[in-house]
Amino acid sequence: MRAGRIALSAVGVALLLWGAWLMLSAQDFAQLFSVAVWLLAVVVVHDGLLTVVSAVRHRLRPRTATTAPRGPAVTRDTDPADG
């Protein structure tokens, strides 16, 4: 599993570097500036709009009483003294 993660990470980094090289080598300054503005707008929209909408939605959701535990229940069928 660890080798697979390392391999996938290496492939991901290689593709990221290749894409960055293609973008920087094939675009002029005005196009790169447009990409930078678009990326900044994405961060502003995410943090400024979607987070607020999510928080309001969470606050407006009706609270329900739960009687069952939320996590997995661990039970034993036998007594530990039984062996």
Side-chain angles (χ1 to χ4, degrees):
M1 184 71 166
R2 183 178 173 152
R5 287 182 182 174
I6 291 172
L8 284 175
S9 297
V11 169
V13 169
L15 288 173
L16 180 70
L17 292 174
W18 182 52
W21 178 78
L22 284 176
M23 186 177 74
L24 292 174
S25 66
Q27 307 298 322
D28 62 352
F29 179 75
Q31 290 172 326
L32 291 175
F33 183 74
S34 295
V35 170
V37 169
W38 185 83
L39 289 173
L40 181 64
V42 167
V43 172
V44 169
V45 167
H46 178 269
D47 291 347
L49 180 66
L50 295 178
T51 306
V52 173
V53 169
S54 177
V56 169
R57 185 175 155 251
H58 176 73
R59 290 285 184 181
L60 294 178
R61 184 174 37 169
R63 298 187 187 268
T64 58
T66 58
T67 56
R70 293 183 181 207
V74 177
T75 59
R76 292 184 67 108
D77 290 338
T78 60
D79 187 23
D82 291 341

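Just so you know, residue 1 is the first one in the sequence shown, and it goes up from there.
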> Give, for atom CG of L39 and atom OG of S34, the distance between the pair rounded to the nearest 0.5 Å.
11.0 Å
> I'd like to know if the side chain of S25 and the backbone of W21 have a donor-acceptor N/O pair within less than 3.5 Å.
yes
> About how many Å separate CE of M23 and CG of L32, when rounded to the nearest 0.5 Å?
5.5 Å
> Under the rule for side-chain hydrogen bond (donor to acceptor under 3.5 Å, both in side chains), what residues qualify as partners of R61, not counting sequence neighbours?
H58
> Hey, any chance L40 and V35 share a hydrophobic cluster, counting ILVMFWY side chains that come within less than 4.5 Å of each other, even indirectly?
no
> Rounded at 0.5 Å granularity, tell me how far CG in L22 sits from CG in L15.
10.5 Å
> Is there a continuous path of hydrophobic side-chain contacts, each under 4.5 Å between heavy atoms, that joins L49 to L60?
no
> Can you sort out the partners of I6 under side chain to side chain contact (heavy atoms under 4.5 Å, CB included), two or more places apart, ordered by chain and number?
R2
> Name the one of V44, V45, V43, L50 that satisfies side chain to side chain contact (heavy atoms under 4.5 Å, CB included) with D47?
V43
